[in-house]
Amino acid sequence: MSRQIVLMTGCSAGIGLATAKHFSLDPDQRYIVIATIIAMSEKNDLVTAVGDALNKTIFIEELDVTRDTDITTVVERTLKEYGRIDILLNIAGICSVSIPERMPRDMMEKMFNVNVFGAIRLTQAVLPQMKRRKTGKIIVISSIAGRTAWPYLEVYSSNKFALEGYFEALAVGLRAFNIRVCLVEPGGVKTYILRESIKSIEHLLQDGSIEENDRRQLEGLAGIIAEDKGPTKVTSETVAEAIMTRCIDLEKPALRHFLAEEFYENVQAGLADMTGEKAVASSQGMF
């Protein structure tokens with residue numbers, strides 16, 4: 001059986017790095033991985049992680065998902081070299097915690113460009129050859145924040161809600177082409193993004209001008225995130241394993257893969273109530 005060609009984003013750290021390592025070190029060498037990062041200056045951890053697999057089962061390329069020219073270049077080069085892309089993994093993402101009325105417009109636009117439009121544009125570039133071949137898999141890293149919105153993460157939550165809506169709709173249309181879409185929904189994963197979120201909250205709490213209710217709820221959010229630092233919480237490696245076992249190894253995987261069991265009741269509250277009030281009350285209770 002020929003190796004499957006895998007194109008991935010966000011491979012310099014966190015879930016992307018762990019997943020690139022998982023695929024490239026597959027004992028049966030079933031995959032050729034095109035692991036993309038925003039700049040070659042960020043490749044060191046990935047190079048160390050994959051070891052001797054580098055330039056054998058994994059190849060590192062630069063790709064800024066906010067640049068259409070980068071997307072076109074990488075996709076066309078991959079198709080020229082291998083003739084196809086079997087699996088697309090949209091993993092690249094950024095996050096910012098903020099008092100909602102203080103979030104700068106440029107940061108909001110940056111987050112949407114990376115987290116939403118980057119994933120959509122790359123998917124658009126890969127889809128034509130998948131449709132012609134009537135086969136393929138598209139995996140998107142969403143979040144618990146794409147199922148139940150989080151205060152002070154309003155823009156990040158809206159990013160993930162947008163991904164959920166777009167790729168759910170896409171999944172419906174692509175079933176006729178034998179193409180499967182998977183939305184992977186972790187909770188707090190121990191990554192650089194999680195550490196930076198905690199730092200952002202600590203910085204906000206040092207600002208004496210913020211409203212007392214904001215301060216209290218930010219402290220609650222910090223506590224929730226800090227709990228995710230425990231050894232039993234989801235790691236990048238467990239997300240990578242879930243991608244493999246739930247999305248790749250199955251011929252017809254489900255659309256959604258929820259990896260945040262500790263928040264199951266909050267999500268259920270939202271799904272069971274058409275008014276949204278139960279979801280709000282459930283989330284308020286956490287803070």
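Residue numbers run from 1 in the order of the sequence given.
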Exercise. Closest approach of Leu218 and Ile99, non-hydrogen atoms and distance?
Worked result: CD1-CD1, 3.7 Å
Problem set entry | Working for side-chain contact (heavy atoms from CB on, under 4.5 Å), residues Leu127 and Leu174 | CA-CA 10 Å; Leu127 264 181; Leu174 292 183; 3.7 Å; yes
For this session: Using modelled atom types only, decide if a donor and an acceptor are shared between the side chain of Lys131 and the backbone of Phe177 within a distance under 3.5 Å.
Result: no
Problem set entry | Test item: Tyr166 and Val116 side chains (from C-beta on) under 4.5 Å apart, heavy atoms | no
For this session: Using the rule that two of Ile, Leu, Val, Met, Phe, Trp, Tyr join whenever any of their side-chain heavy atoms come within less than 4.5 Å, decide whether Phe161 and Leu183 are in one cluster.
Result: no
For this session: Find out if a path of hydrophobic residues (ILVMFWY) with successive side-chain heavy-atom gaps under 4.5 Å connects Phe117 to Leu88.
Result: yes
Exercise. So, Asn178 side chain and Thr135 main chain: donor-acceptor pair closer than 3.5 Å or not?
Worked result: no
Exercise. Hey, mind stepping through Thr57 and Val33 against side-chain contact (heavy atoms from CB on, under 4.5 Å) and telling me if it holds?
Worked result: CA-CA 6 Å; Thr57 58; Val33 180; 5.9 Å; no
Problem set entry | Value rounded to 0.5 Å, distance of CD1 in Ile87 from CD1 in Ile138 | 11.0 Å
Exercise. Is Met107 reachable from Leu204 through a run of I, L, V, M, F, W or Y residues, each pair having side-chain heavy atoms under 4.5 Å apart?
Worked result: yes
Exercise. Are Cys182 and His257 side-chain neighbours, meaning at least one heavy-atom pair lies under 4.5 Å?
Worked result: yes
For this session: Answer yes if Leu25 and Leu17 sit in the same cluster of Ile, Leu, Val, Met, Phe, Trp and Tyr residues linked by side chain heavy atoms under 4.5 Å apart, and no otherwise.
Result: no
Exercise. Under a 4.5 Å cut-off applied to non-hydrogen side-chain atoms, are Thr235 and Thr238 in contact?
Worked result: yes
Exercise. So Arg30 and Asp249, salt bridge (charged side-chain N to carboxylate O under 4.0 Å, His left out) or not? Walk me through it.
Worked result: CA-CA 11 Å; Arg30 294 173 292 172; Asp249 290 345; 3.8 Å; yes
For this session: Would you check, one step at a time, whether the test side-chain contact (heavy atoms from CB on, under 4.5 Å) holds for Phe167 with Leu170?
Result: CA-CA 5 Å; Phe167 283 96; Leu170 189 67; 3.8 Å; yes
Problem set entry | Donor-acceptor under 3.5 Å (Lys43 side chain, Ile37 main chain) | no
Problem set entry | Val114 versus Gly93, closest heavy-atom pair with distance | CG1-CA, 4.0 Å
Problem set entry | Sidechain-backbone polar pair: Asp273 side chain, Lys278 backbone, donor-acceptor under 3.5 Å | yes
For this session: State the CG-CD1 distance between Leu7 and Ile32, to the nearest 0.5 angstrom.
Result: 13.0 Å
For this session: Working to the nearest 0.5 Å, report the span between CG of Leu122 and CE of Met8.
Result: 11.5 Å
Exercise. Any side-chain heavy atom of Pro100 within less than 4.5 Å of one from Tyr152?
Worked result: yes
Exercise. Where do Arg67 and Asp70 land on the salt bridge (charged side-chain N to carboxylate O under 4.0 Å, His left out) test, with the steps shown first?
Worked result: CA-CA 5 Å; Arg67 293 171 57 88; Asp70 282 15; 3.4 Å; yes
Exercise. Distance only, no hydrogens: is a donor on one side chain within 3.5 Å (strictly under) of an acceptor on the other, for Arg132 and Gln129?
Worked result: no
Problem set entry | Check: Arg133 and Asp86 side chains under 4.5 Å, non-hydrogen atoms | yes
For this session: Could you note down all residue pairs passing ring-ring contact (aromatic ring centres under 6.0 Å, His included) where residues 29-60 supplies at least one of them, sequence neighbours left out?
Result: Phe23-Tyr31
Problem set entry | Approximate separation, where rounding is to 0.5 Å, of Glu237 CD and Thr19 OG1 | 9.0 Å
Problem set entry | Taking every non-hydrogen atom, the tightest pair across Arg3 and Lys56 | NH1-O, 3.9 Å
Seminar exercise, completed: Between Asn213 and the options Arg216, Arg215, Glu211, the side chain to side chain donor-acceptor pair (under 3.5 Å) test singles out Arg216
Problem set entry | Flag, side chain of Lys160 to backbone of Ile141, donor-acceptor distance under 3.5 Å | yes
Problem set entry | pair Ser96-Met103: side-chain heavy atoms closer than 4.5 Å | yes
Exercise. Counting only heavy atoms not in Asp52, do more than 12 sit closer than 6.0 Å to its CG atom?
Worked result: no
Problem set entry | Side-chain touch Ile58/Leu46, heavy atoms, less than 4.5 angstrom | yes
For this session: Kindly compute the distance separating CD (Gln124) from CZ (Arg121), expressed to the nearest 0.5 Å.
Result: 5.0 Å
Exercise. Could you give the distance from NE2 (His22) to CE (Met244), rounded to the nearest 0.5 Å?
Worked result: 4.5 Å
Exercise. Which atom pair, heavy atoms only, marks the closest approach of Pro186 to Ser142?
Worked result: CD-O, 3.7 Å
Problem set entry | Nearest non-hydrogen partners of Ala260 and Ile144, listed with the distance | CB-CB, 4.1 Å
Problem set entry | Leu153 side chain near Val97 side chain, heavy-atom distance below 4.5 Å | yes
Exercise. Would you say Val47 and Ile91 are hydrophobically clustered, going by side-chain heavy atoms of ILVMFWY under 4.5 Å?
Worked result: yes
Exercise. Could you go step by step and tell me if Ile15 and Ser236 meet the side-chain contact (heavy atoms from CB on, under 4.5 Å) rule?
Worked result: CA-CA 5 Å; Ile15 294 172; Ser236 297; 4.1 Å; yes
Exercise. Any donor-acceptor pair under 3.5 Å linking the side chain of Arg180 with the backbone of Pro253?
Worked result: yes
Problem set entry | Working for salt bridge (charged side-chain N to carboxylate O under 4.0 Å, His left out), residues Arg102 and Asp207 | CA-CA 12 Å; Arg102 298 187 184 186; Asp207 185 344; 2.7 Å; yes
Problem set entry | Where Thr9 and Ala92 come nearest, the two heavy atoms and their spacing | OG1-N, 3.0 Å
For this session: For salt bridge (charged side-chain N to carboxylate O under 4.0 Å, His left out), just list the numbers for Arg256 and Glu164, CA-CA rounded to whole Å, side-chain angles, deciding distance to a tenth of an Å, and then say yes or no.
Result: CA-CA 9 Å; Arg256 286 189 170 87; Glu164 292 274 339; 2.7 Å; yes
For this session: Please check if the side chain of Ser157 supplies one atom and the backbone of Glu154 the other of a donor-acceptor pair under 3.5 Å.
Result: no
